[in-house]
Amino acid sequence: MKVQVRYFASLREGLGAAETVDMPPDSSVGQLRDLLLTRSERHAELLARGRAVRCALAQRLCEEDQALAEGAEVAFFPPVTGG
Amino acid sequence: MARVSVQEADFDLSAEVAALRAGDGGVGAVVAFVGTVRDRGAGQAISAMELEHYPGMTEAAIEAMVDEACRRFELRAVRVVHRVGRLEAQDQIVLVAVSSAHRGQAFQGCEFLMDYLKTQAPFWKKEHTAEGARWVDARVADDDALARWGIRSGNAG
């Protein structure tokens, strides 16, 4: 299934604004992150486990155990700093 | 009037507060918070700031926060304006204004919304200094502030 990935702030600067990823059915947000880690050295660095990376599914903050669906929009970004 | 605006343009505190309480004779208290761009950060002079956000998610997230604030506190009206794009030192960044019958609920509602917004709304600040630009780090103190309201936030991680 196709999943749309978006990046913001420092992750956007390093990885671009968006990319499309083909995931096996019944994948989770965490499994998507695992797959992205293998895409390039830059992905491996910026999305590394242990780095503070937040994620959103369908434009809501989420945990990595959330299940993906066909056409899902997933975003990865650093901790937020508004206000 | 819309409850939430995410915009590049500046805002006028007086006009926003006037609109917030216009025609509502039950209002006895208005509390407004304005956040502004400091001219120093981490010991360095800041010339400008860039604010990035996640269009669509930002507005929805803040609307949900306003709903939650209205559930918790007796608020009569709420207005949130958050600026994005390029800002200069001393510029206004954010407005949270609430009205209520009495001051206690208004003070609490305003502070709750700011604490919530700091850790759960998808905005990112980048500071420009003489030595270049850098993304601002999230603060654990902001997660702690939200925890006082019984909401766990792992934003700063």
Side-chain angles (χ1 to χ4, degrees), chain A residues 2-21 28-30 32-34 36-37 42-83, chain B residues 6 33-37 41 49-65 80-84 87 92-96 111 113-127 133-140 142-143 145-146 151-157:
Chain A
K2 292 246 186 300
V3 176
Q4 176 78 4
V5 182
R6 301 181 67 178
Y7 301 109
F8 291 92
S10 51
L11 270 64
R12 174 187 53 74
E13 286 180 337
L15 304 174
E19 59 185 314
T20 303
V21 179
S28 67
V29 172
L32 170 62
R33 183 173 172 182
D34 289 337
L36 289 167
L37 281 167
R42 192 163 271 189
H43 282 80
E45 181 197 333
L46 291 171
L47 294 169
R49 297 285 168 191
R51 239 183 128 106
V53 174
R54 302 283 161 247
C55 48
L57 174 62
Q59 303 196 352
R60 291 175 68 107
L61 289 171
C62 73
E63 302 294 331
E64 292 198 14
D65 59 2
Q66 288 270 302
L68 298 173
E70 171 69 33
E73 177 178 317
V74 181
F76 293 97
F77 41 79
V80 302
T81 55
Chain B
V6 178
F33 172 88
V34 175
T36 60
V37 181
M49 179 172 275
E50 266 174 76
L51 259 150
E52 179 172 337
H53 77 122
Y54 186 167
M57 177 174 166
T58 315
E59 292 83 351
I62 300 174
E63 286 283 356
M65 291 172 203
V80 178
V81 182
H82 204 301
R83 296 180 67 193
V84 293
L87 301 176
Q92 303 188 115
I93 305 174
V94 60
L95 165 73
V96 172
E111 188 168 27
L113 276 166
M114 269 313 298
D115 287 345
Y116 213 160
L117 198 150
K118 290 289 287 188
T119 58
Q120 308 292 307
F123 293 101
W124 300 273
K125 287 181 181 142
K126 192 177 199 182
E127 295 174 341
R134 58 160 186 247
W135 291 99
V136 173
D137 287 328
R139 299 164 67 234
V140 173
D142 289 329
D143 287 330
L146 190 61
I151 300 175
R152 199 191 68 79
S153 164
N155 180 55

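Order of the sequence lines fixes the chain letters, A, B, ..., with proteins taken first and strands second; residue numbering starts at 1 for each chain.
Ranked by heavy-atom pairs shorter than 4.5 Å toward chain A, the options B:Asn155, B:Thr119, B:Leu51, B:Val94 are led by B:Asn155. The greatest number of non-hydrogen atom pairs below 4.5 Å with chain A, out of B:Val136, B:Val80, B:Asp142, B:Val96, is found for B:Val136.
For residues 74-83 of chain A, the set of pairs meeting the side chain to side chain donor-acceptor pair (under 3.5 Å) definition, not counting sequence neighbours, is empty. Pairs engaging residues 43-58 of chain A under the side chain to side chain donor-acceptor pair (under 3.5 Å) rule: A:Glu19-A:His43, A:Asp34-A:Arg49, A:Ser40-A:His43, A:Arg49-A:Glu64 [sequence neighbours left out].
Heavy-atom proximity under 4.5 angstrom to chain B picks out A:Glu73, A:Ala75, A:Phe77 from residues 65-77 of chain A.
If you measure heavy-atom distances from B:Ala61 to chain A, you find no contacts under 4.5 Å at all. Within the 4.5 angstrom heavy-atom criterion, no atom of B:Ala60 approaches chain A. Residue contact with chain B, scored on non-hydrogen atoms closer than 4.5 Å, involves the side chain of A:Arg6 exclusively. Proximity to chain A is limited to the backbone of B:Asp137, based on heavy atoms less than 4.5 angstrom apart.
A:Phe8 and B:Pro55 make their closest contact through CE2-CD, 4.4 Å (heavy atoms, listed as atom of the first residue, atom of the second, distance). B:Ala156 and A:Pro79 get closest at one heavy-atom pair: CA-CB, 4.3 Å.
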Point to revise | CA sep, side-chain torsions, deciding dist, call: A:Glu13, B:Lys126, side chain to side chain contact (heavy atoms under 4.5 Å, CB included) | key: CA-CA 12 Å; A:Glu13 286 180 337; B:Lys126 192 177 199 182; 2.4 Å; yes

Review point. Passes side chain to side chain contact (heavy atoms under 4.5 Å, CB included), A:Val80 versus B:Gln120? Steps please.
Key: CA-CA 7 Å; A:Val80 302; B:Gln120 308 292 307; 6.0 Å; no

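One distance of note links OG of A:Ser10 with CZ of B:Arg134; it measures 14.0 Å at 0.5 Å rounding.
Not one N or O on the side chain of B:His82 forms a donor-acceptor pair closer than 3.5 Å with the backbone of A:Gly82. Formation of a donor-acceptor pair under 3.5 Å by the B:Trp135 side chain with backbone atoms of A:Ala9 is not found in this model.
The salt bridge (Lys or Arg N to Asp or Glu O under 4.0 Å) check on B:Arg152 picks up nothing, with sequence neighbours excluded.
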